There are 2 protein chains.
Amino acid sequence: MTVRLSAPERRQQILDVALEVFGRSGYHGASMNDVAEAAGVTKPVLYQHFDSKRHLYEELIDDVGNRLLGAIAKATADAPDGKAQTERGYQAYFRWVAQDHDEFVLLFGGSMRRDDEFRDTLRRITDDAATAIAPLIAVDVDPEVQRVFAHALIGIAESASRHLVERGEQFDPDEVAHRIAGLAWAGLRSLG
Amino acid sequence: MTVRLSAPERRQQILDVALEVFGRSGYHGASMNDVAEAAGVTKPVLYQHFDSKRHLYEELIDDVGNRLLGAIAKATADAPDGKAQTERGYQAYFRWVAQDHDEFVLLFGGSMRRDDEFRDTLRRITDDAATAIAPLIAVDVDPEVQRVFAHALIGIAESASRHLVERGEQFDPDEVAHRIAGLAWAGLRSLG
DNA sequence: GTCATGGGCTACCCGATGGTAACGAGGTCG
DNA sequence: CGACCTCGTTACCATCGGGTAGCCCATGAC
């Protein structure tokens, strides 16, 4: 027997559950039935709250992406210099990863890159991050090259996180962030 | 009317065509009919040469992965020191990317990470690369941390490549490799 | 010419899955 | 009480896509 929930509660519960299901199996690997079952409910209920599988997924990644970008923006806002900005930015990123592996997997697990529409969303996120990072790079470098570097620095965080998440164990985000920021900052300084 | 090919020729042609089709649409996004059509042939022909969609895909990624790892191993084999090894390793990587975007997209486009079996294959490839990179990192660092750094350095190449490939334009792999290797090497030295 | 070999095709099966129509059941308010 | 509103269910449709059975026809050897 299913517990009856109010519409907003049910909607939020579906989002919570869907995050985990899609994180585990990916967009194509998880069916709407899977999501419904995990929510302890049947399929039509999902369609009372979301127009389609795509819409449900999009709402998820928008939420998660904004949470990530917001955390980084907030953390770096009042940093005194580039070095502190680098450190705090990575710190916010790795804390976000460590706090909820599902969110990381949802965004960077791969499903996002395999679909034109979702790819655009993910690109918007990484481009936003790259735009924030680019000013840290020596100003006399060609802007196009700056962007390549910026994406490289984002890739550092993504790959290190993937490695850590795949290992399954917990990790100390601040320690990782400190080490990675040291590597990135040294790399950046070498360009000047 | 279809051109008749001998079995080995047809098999190879299917592999060539499948690389492009899967690269464009991903494993789930491309159907066997799509592959067949692109090869100018019908579905049963594919199944005369490959047991299943999975097997076809696996053969592709094995080929491509081995090509990448082989190129890097060959390039770094006789490098005199760590710095040269770093530079030549990235050079081989970016040359591989620039030479055939499809191969890069196939491996790192995302499809690979969404499936337990394929994920293992991709992990084998990146772990091999990480094992090759780890010795370049200061020996007095904790081995687990070394691996995190190694994966971070791989991520640099992957993310920079993705950015370049998504932009669509050609790029000079040696120039990119030189710059990225500079960044990575400066980062590595800072750890000592 | 004819006949065997083998490469290719048409037509089909069937399971999975996104999505929907129509129907309960239980609380609430006049 | 009875009308109604809302949350949920059962049962279904339609399509897609992996995979297969069985047939056809081009080619080359003799």
Side-chain angles (χ1 to χ4, degrees), chain A residues 1-61 106 110-112 114-118, chain B residues 1-61 106 110-112 114-118:
Chain A
M1 198 57 201
T2 304
V3 190
R4 261 175 96 96
L5 294 183
S6 74
E9 284 173 328
R10 181 63 76 195
R11 186 187 157 87
Q12 187 55 51
Q13 184 230 9
I14 290 171
L15 283 170
D16 293 343
V17 153
L19 172 64
E20 199 245 316
V21 173
F22 281 130
R24 181 165 9 95
S25 308
Y27 181 74
H28 289 292
S31 70
M32 286 300 257
N33 261 324
D34 295 337
V35 176
E37 196 179 351
V41 111
T42 56
K43 220 178 4 167
V45 174
L46 305 187
Y47 287 93
Q48 284 169 6
H49 299 278
F50 303 94
D51 287 346
S52 66
K53 189 184 184 184
R54 281 195 104 70
H55 278 79
L56 168 56
Y57 197 76
E58 266 165 25
E59 182 156 341
L60 273 180
I61 59 184
L106 187 79
S111 279
M112 299 287 302
R114 283 295 15 146
D115 182 289
D116 285 341
E117 204 172 330
F118 298 153
Chain B
M1 197 56 200
T2 305
V3 190
R4 266 175 90 97
L5 294 184
S6 74
E9 285 172 327
R10 182 62 76 195
R11 188 187 154 85
Q12 187 57 50
Q13 184 231 7
I14 290 171
L15 283 171
D16 293 343
V17 154
L19 172 64
E20 200 244 316
V21 174
F22 282 128
R24 177 160 18 90
S25 308
Y27 181 74
H28 289 291
S31 71
M32 287 298 259
N33 260 326
D34 294 337
V35 176
E37 195 180 350
V41 111
T42 56
K43 223 178 358 167
V45 174
L46 304 186
Y47 287 93
Q48 286 167 6
H49 298 279
F50 303 93
D51 288 345
S52 66
K53 190 185 183 182
R54 283 195 99 71
H55 279 81
L56 169 57
Y57 197 75
E58 267 165 24
E59 182 156 341
L60 273 180
I61 60 184
L106 189 78
S111 279
M112 299 287 302
R114 282 295 15 147
D115 182 290
D116 286 341
E117 205 172 329
F118 298 153

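Just so we're on the same page: letters track the sequence lines, and every chain starts at 1. Please read all numbers here as calculations on a predicted model, not as lab measurements.
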Minimum side-chain heavy-atom gap [X]-[Y] below 4.5 Å:
X: A:L15; Y: A:L56; value: yes
X: B:R54; Y: B:E117; value: yes
X: B:R10; Y: B:Q48; value: no

> What are the two closest heavy atoms between B:S111 and B:G26, and how far apart are they?
Replying inline: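 Residues B:S111 and B:G26, closest heavy atoms: OG-CA, 3.2 Å.
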>> Please give me the minimum heavy-atom distance between B:L46 and B:M32, naming the atom from each residue.
In response: CD1-O, 3.3 Å
What is the distance, rounded to the nearest whole Å, between atom [atom1] of [X] and atom [atom2] of [N]?
X: A:F50; N: C:dT20; atom1: CZ; atom2: P; answer: 15 Å
X: A:R54; N: C:dT17; atom1: CZ; atom2: P; answer: 17 Å
X: A:H49; N: C:dG19; atom1: NE2; atom2: P; answer: 16 Å
X: B:L46; N: C:dG8; atom1: CG; atom2: C1'; answer: 12 Å
X: A:K53; N: C:dA16; atom1: NZ; atom2: P; answer: 15 Å
X: A:L56; N: C:dG19; atom1: CG; atom2: C1'; answer: 14 Å

> Mind checking what makes salt bridge (charged side-chain N to carboxylate O under 4.0 Å, His left out) contact with B:E59, not counting sequence neighbours?
Replying inline: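 Only B:R11 meet the salt bridge (charged side-chain N to carboxylate O under 4.0 Å, His left out) criterion with B:E59.
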> ring-ring contact (aromatic ring centres under 6.0 Å, His included) with B:H49: which residues, sequence neighbours excluded?
Replying inline: none
To the nearest 0.5 Å, how far apart are [atom1] in [X] and [atom2] in [Y]?
X: A:E58; Y: A:Y27; atom1: CD; atom2: OH; value: 8.0 Å
X: B:L5; Y: B:Q13; atom1: CG; atom2: CD; value: 6.0 Å
X: A:S31; Y: A:K43; atom1: OG; atom2: NZ; value: 7.5 Å

> Do any of residues 6-15 of chain A sit with a heavy atom less than 4.0 Å from DNA chain D, and if so which?
Replying inline: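 Nucleic-acid contacts, sorted: A:A7, A:R10.
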> Does any residue of residues 25-39 of chain A have a heavy atom under 4.0 Å from DNA chain D, and if so, which ones, in number order?
Replying inline: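 None, since no heavy atom is under 4.0 Å.
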What are the atom names and distances for every N/O pair under 3.5 Å that joins the protein to nucleotides 9-12 of chain D?
unit_1 : atom_1 : unit_2 : atom_2 : d
D:dT9  : OP1    : A:T2   : OG1    : 2.8
D:dT9  : OP2    : A:T42  : N      : 2.9
D:dT9  : OP2    : A:T42  : OG1    : 2.6

>> For D:dT27, does the base pair up with any side-chain atom of B:R4 as donor and acceptor (N or O, under 3.5 Å, distance only)?
In response: no
Exercise answer: donor-acceptor pairs, residues 16-24 of chain A side-chain atoms, under 3.5 Å, sequence neighbours excluded:
unit_1 : atom_1 : unit_2 : atom_2 : d
A:D16  : OD1    : A:Q12  : NE2    : 3.1
A:E20  : OE2    : A:R24  : NE     : 3.4
A:E20  : OE2    : A:R24  : NH2    : 3.1

